[in-house]
Structure formats: structure tokens, C-alpha cells
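Working notes for the structure below.
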Amino acid sequence: MVSAPTPLEEELRALAGAVPDPELPVLTLAELGVLRALHVTGAGRVEVELTPTYTGCPAIETMSSDVERVLRERGMPEVEVRTVLAPAWSTDDITAEGRRKLAEFGIAPPRPTGPAGPVAVGLGIRCPHCGSTETTLLSRFSSTACKALRRCEACREPFDHFKEL
Amino acid sequence: MSPARATPAPLGTAAALALGDDALVLSHRLGEWAGNAPVLEEDVALANMALDLLGQARTLLSLVGDEDELAYLREERAFRNVQLVEQPNGDFAHTIARQLYFSVYQQLLYGQLAAEDGPLAPLAAKAVKEVAYHRDHAEHWTLRLGDGTAESHERMQRALDALWRYTGELFEPVDGLPVDWTALHDGWLTAVTGVVEQATLTLPGGPQSGAWTAGAGRQGIHTEPFGRMLAEMQHLHRSHPGASW
């Protein structure tokens, strides 16, 4: 399975990777880092591996059906999307371009995870509106499990922070 | 039940069922706060933790069989969760005490499982990172309530005391889990004691198990509120088999 991807696989992977995240549509699945593998296993047959951000993330089902749809439309009638857990997804898997888009969208991107684990001190989280680092944690959980709610002390705006995992 | 799932390793089945039921039942209890929490942020936080636990439950129960059949069609005596997670939400302090006891345990347990090469390792490695936030949440609230007003202090202490006797069961060995239970208990006690003392509270002094609670939930013996919780949880599925939306 480690053989180099064929041109078809590269094309299909680009298509699947360009599918937008259903909950954060500014990001693609490739930028989020959840598209793990894609293999063409026969004529018109393709297997895709996705990994969930959080174990209970309900978006994974929409991601699967969206990937299935774009690959079918490209002429692959048999698409199998599997969910894999290992290795566990980390916010470090979000690409640099993904981080830039998050900030532009008003969500403070995750910081690199350290050896101390994901629950780090709240230093250096920049307000996506005004750029101040004077921000305060309001709640460890926000509109989705992957975000925390913070407030900027400079511009007083609340904002979401994609928290480190 | 799909054929691919029909032959799990027997060693992992009892363990996956036990941990899956813990996650499922606590998820349901936390979900009961939706729309009822003291502030909006807590409503969202408790629901998010419930969702994490539901994801863990789905993965674990799918290792055993059909997740819906297991969740919705088993009788009370077939559930293998510890009695701690089925305890009613009570006031907010009771929910936080239950969260503190359980999230510290779950984080240490998953930490050990993630380091082993067993069938539960992939889930444990993933879930341990999520549970770190649950623990962080419970610890902060324990500090805030314990070191808060006289009223919040008293209620937090009452909650810790009331749930203490359900904590012993957490450390009853489960078949098929490669866990050092003594180290787990020691690590748990150290962590919980640290938070409780910092919160100016007193670690409960009584036994960690009653004669009938030690390992009882893992054998299918549950407390009275659990039946009512299951009735509510299973009612829709049993009334409308196969319904979807």
C-alpha cells in the first residue's frame, strides 16, 4: 500500500482534499489534515481513509458522504470511505494555509502542541480581530468541541479559539 | 450486526463493553443538562463533553456488536457501567464532583491503555486528549466552588462526600484490560486529593465502596435511578424501531 500514487490517485486525492469542512467551510479536508489516504483498488473502485478531529465529531458523517459524492461525480462508482483513529488527529495536522484561513475567518488558530499535552496555559493566543494577545478564556468549550470561547481585553470582542488537541 | 464486527477478540469484549457503557451512561447524564445548565457557557461545555463521551461509546460498543442494539435494546442488568456514572446530576456541584472523580480516572486509565498495544489503544490514544479538557473543566469548577462562597463550598463538599462511596468500583479490575490498577488508584487519589485540598475542601474519609457497590455495576447491578434514566434514553428507539431522521 506504500507504492507511489498514480496520476489518477493524485487527481482523486486533490478532489477529495478540496471538499470543504461542513462546520468550518473556510477549510478544506486537506487543510484540516483529516484526509489520511486514498487508494484506487480496481477499475472504478476507490478507498478513502478519513480521521475524525474529535471522537464524537458529528461532521465526519457529512465529510464521508461529501467525499463519496465528489468521487462518484468524477466517475468512480464504488467509493468506500473508512474512518481511522490511529494515529490520533492533532491540531498540528492543520496546514499553515489552514491556520491562516482560520485567523482570517475570525477563529484564533491552534498553537503547536507541546510535550506537556494539549491543555496548555493560555498564553499567546492572539485576538483574530485586532491582533492583541491580551485575551481571556471565557469557556473551555464553545460552539463545537474543538473550540474554546475567549474574549479580547483590547477590543472587547469575544472570539473562538481552535484549541490545541 | 454486520459480519465484519461479529468476531471481536474475546479478550477485548468485556472491557470494551464496560468502558463503552461508562461513556454512554455519563454522556446521557451530561446531556440531561442541555437547556438546564446554570449559564449558557456551561450548557455548551457539558453538551460538548457529552458528545466526546458519546463518540467514545460508539467506537467501543461497535467493537462488541451493533451500537444501537447495545445502547437501546439491552435491559438494565446487561449494562456494565460503574455506578458512579449513573448517579443523577443533582445540583451543579454533584455533577462537577462526578466529573472530577470520573475524568481523572478516565484520563489515567486511557493514558495506560494508549501505551499498550491492545485493541483499545487507538481509541484510548485519541480520547485521552479529549478527556484532558474534561478534567481541566472539572478541576477549575471544583476550585471555584470549593474556594467560593460559604454556600458553594458547603454544596461542593456535600457532593464530594455523597459520591465518594462510588469511587472504589473504578479500580476493580476489568477482564482484558492491561492496566496496573494499584498505580491507577494511587495516581487518582493523589490527583483528586491535590485538587480537593487546593479548593479548601476535605477529602471524604469514609470507605470508597459499600458492601454492595464494590464492582456491582460491572456485574450489572445498578442503583435505582439508573432504571429511570434508561427508560428515558431507550424510549424513543423502542417505540419507533428503525426510525431515522
Side-chain angles (χ1 to χ4, degrees), chain A residues 23 33-34 36 47 49-61 63-65 80 82-93 110 112-122 136-151 158-165, chain B residues 4 19-20 23-24 26-27 30-31 33 37-60 62-63 99 103 106-107 110-111 113-114 117-141 244:
Chain A
E23 284 182 358
V34 297
R36 281 279 165 84
E47 277 179 21
E49 286 183 2
L50 288 181
T51 194
T53 53
Y54 279 69
T55 317
C57 183
I60 191 87
E61 283 166 24
M63 290 179 189
S64 296
S65 55
E80 191 194 348
R82 289 191 294 134
T83 305
V84 295
L85 293 183
W89 180 85
S90 158
T91 39
D92 294 342
D93 297 339
T113 59
V119 186
V121 284
T136 314
L137 180 69
L138 295 180
S139 176
R140 280 156 202 81
F141 298 88
S142 185
S143 54
T144 60
C146 57
K147 294 185 234 110
L149 187 63
R150 300 186 75 88
R151 183 180 53 220
F159 65 91
D160 271 338
H161 166 227
F162 204 121
K163 67 194 182 209
E164 293 74 25
L165 188 75
Chain B
L19 303 190
L24 175 66
L26 186 57
S27 169
L30 290 175
W33 275 109
V39 289
L40 182 61
E41 285 80 1
E42 279 312 299
D43 215 291
V44 170
L46 295 166
N48 268 311
M49 290 187 281
L51 186 62
D52 286 344
L53 289 162
L54 188 63
Q56 295 167 23
R58 293 187 63 181
T59 307
L60 288 160
S62 295
L63 293 171
Q99 283 302 105
S103 63
Q106 207 184 22
Q107 194 194 17
Y110 281 159
L113 292 175
D117 198 19
L120 304 183
L123 172 76
K126 185 158 185 61
V128 71
K129 300 198 290 177
E130 299 164 4
V131 173
Y133 282 103
H134 304 185
R135 176 176 169 177
D136 187 54
H137 173 266
E139 289 183 352
H140 276 85
W141 270 111
S244 66

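Labels below follow one simple rule: chain letters A, B, ... track the order of the sequence lines, proteins then strands, and each chain is numbered from 1.
Distance alone, capped at 3.5 Å, places no donor-acceptor pair between the A:Lys163 side chain and the B:Tyr133 backbone.
The shortest non-hydrogen separation linking A:Thr53 to B:Lys126 is O-NZ, 2.6 Å. Here the closest non-hydrogen pair linking B:Glu130 and A:Leu165 is N-CD1, 4.0 Å.
Looking at A:Thr144, the atoms closer than 4.5 Å to chain B (heavy atoms on both sides) all sit in the backbone: N, CA, C or O. For chain B, the nearby parts of A:Ser90 are the backbone and the side chain; heavy atoms of each come within less than 4.5 Å. The contact between A:Pro52 and chain B is made by backbone and side chain atoms together, counting heavy-atom distances below 4.5 Å.
With A:Thr55 as the partner, the side-chain contact (heavy atoms from CB on, under 4.5 Å) test is satisfied by one option alone out of B:Leu123, B:Asp52, B:Leu51: B:Leu123.
Ring-plane geometry between A:Phe141 and B:His134 is classed as tilted, the angle between the planes lying from 30 to 60 degrees on a 0 to 90 degree scale.
Atom OG1 in A:Thr91 sits 7.0 Å away from atom NZ in B:Lys129 (nearest 0.5 Å).
Ion pairing between a basic and an acidic side chain is recognised when a charged N comes within 4.0 Å of a carboxylate O; A:Glu61 and B:Arg58 show such pairing.
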